[in-house]
Number of protein chains: 2
Amino acid sequence: MNVMNDSPRRKELTRQAAQLFVQEGFDRTTVRMLAQEMGIKSGSLFHHFRDKQEILAAVIEAGTQNALVIARAALESCDHTPEARLQAMARAHLETLLTDRNAHVVALYEWRRLEPEARDHLSHLRDAYEALWEAVIDEALEAGLIHGDRFLVSRFVMGALNWTVRWYDPAGPRSPDDLAHELVAMITQRPA
Amino acid sequence: MNVMNDSPRRKELTRQAAQLFVQEGFDRTTVRMLAQEMGIKSGSLFHHFRDKQEILAAVIEAGTQNALVIARAALESCDHTPEARLQAMARAHLETLLTDRNAHVVALYEWRRLEPEARDHLSHLRDAYEALWEAVIDEALEAGLIHGDRFLVSRFVMGALNWTVRWYDPAGPRSPDDLAHELVAMITQRPA
DNA sequence: GGGTCAACCAAGCAAGCGCTAGTGTAAATC
DNA sequence: GATTTACACTAGCGCTTGCTTGGTTGACCC
């Protein structure tokens, strides 16, 4: 067995698993379906992952780590005004939906299928991502760019953004940048 | 078999099913678990519902219908200003989460588990609910209370509200009315 | 008091589930 | 040249799944 490394092979398998998890949902996806998608037999799958749970954890970890990297990069390369930072975060969030949609959808909708140990480990990653958001929102509040309860505002914004996976079509006319603009405009009440 | 009526017994069973679907997720909930929760044997369950799918459809239908009724009532009994109507819709939405949380969570998170026929039927109900929202948002836009793209604004608002099921604690210090106020304040940029 | 009917039960079937055991094999390592 | 390692295979075990079957119960009706 070869579990818990991060070989390129495993990364690719994880990517394919994410696709199936989105299409079918974690519970409906069988190890036989996963194996077929990966071009191997179901038994061989357990050479790469200890069990089905570990595949789910790998998918979610990859997705969250990716989001974190993109968000940090966005914050570093943008202007240091509260408005620019708010917008950079929103655009980064939407861009991860373009580049890594499957892993993200899984992280959002199959989180509860994680067993407690995996959940504990991954929740730290997720907290790190949400902390970025709360910091940016704090700055915007202090600068008077937006108003209201810190806790509520950040959750409303996260909700609006996370909900995009339900309706946003990357092939459509709107770019992530458009959406980010519009969202920031909405909560800061300035023309887009 | 007794399928597709709406006896009080079936209503109660549907309510109990919703609870389990929320706790475990649809796929993980077995007919044996459902039967136990209902205080009957698994075979008896199929006297009330044709199959497991129909239970899911019944839960979602009940939840959506409930939301529609509450929203319509809220709109009829509030002031006819765009701001009051916006707030009434938001509060109504959050109140359905208090009175009928389980059915709502199922409607949101197990929608994709519906088979196509059931989905077609139920999407009409959901469209009717969303149409209420879009009408209210249109009025707010026309009145200049909020700005931006009609499509995007309504989706951002729906996202912020639907996301509340993930974090909102009805036993906490914030009432649905508080949240509705705060949300409307955020998008209209007036003090809460 | 025979007939009806919703509601329930015990038993179990066929299919599918996650996962394991044991083996083959080509490439890398010693 | 021998050994190890990585990756794949076949075969199937033990169990659970959604659902069916055939039958019982008790309340109500004419």
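The basis for the numbers below is simple: all heavy atoms, side chains too, and nothing from hydrogens, waters or symmetry mates. Residue numbering restarts at 1 for every chain, and letters A, B, ... go by the order of the sequence lines.
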Integer-rounded Å distance: [N] [atom2] and [X] [atom1]:
X       : N       : atom1 : atom2 : result
Q36(B)  : dT17(D) : CD    : P     : 12 Å
I55(A)  : dC17(C) : CD1   : C1'   : 14 Å
L45(A)  : dA8(D)  : CG    : P     : 10 Å
Q53(A)  : dG18(C) : CD    : P     : 12 Å
E115(B) : dG18(D) : CD    : C1'   : 12 Å
R28(A)  : dG18(C) : CZ    : P     : 13 Å
D51(A)  : dC19(C) : CG    : C1'   : 9 Å
K52(A)  : dT16(D) : NZ    : C1'   : 13 Å

- Measure from NZ or CZ of R166(A) to the centre of the six-membered ring of Y109(B) and say whether it is under 6.0 Å with the direction within 45° of the ring axis.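 Satisfied, under 6.0 Å and within 45°.
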
- Nearest non-hydrogen partners of E182(A) and D149(B), listed with the distance: OE2-N, 2.6 Å

- E12(A) and R9(A): CA distance, side-chain angles, deciding distance, salt bridge (Lys or Arg N to Asp or Glu O under 4.0 Å) verdict: CA-CA 5 Å; E12(A) 171 61 14; R9(A) 180 89 175 109; over 6 Å; no

Using the six-membered ring wherever Trp is involved, compare the ring planes of [X] and [Y] and label them parallel, tilted or perpendicular (cut-offs 30° and 60°).
X       : Y       : result
W167(B) : F151(A) : perpendicular
F21(B)  : F26(B)  : perpendicular
W133(A) : H93(A)  : perpendicular

Identify each atom pair where a protein N or O and an N or O of nucleotides 8-13 of chain C are less than 3.5 Å apart, giving names and distance.
| from | atom 1 | to | atom 2 | distance (Å) |
| --- | --- | --- | --- | --- |
| dC8(C) | OP1 | R9(B) | NE | 3.4 |
| dC8(C) | OP1 | R9(B) | NH2 | 3.0 |
| dC8(C) | OP2 | H48(B) | NE2 | 2.7 |
| dC9(C) | OP2 | K41(B) | N | 2.5 |
| dC9(C) | OP2 | S44(B) | OG | 3.1 |

- Task: Could you check which of dG18(C), dC19(D), dT17(D) has an atom nearest any side-chain atom of V31(A)?
- Result: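 Of the options given, the side chain of V31(A) lies nearest dG18(C).
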
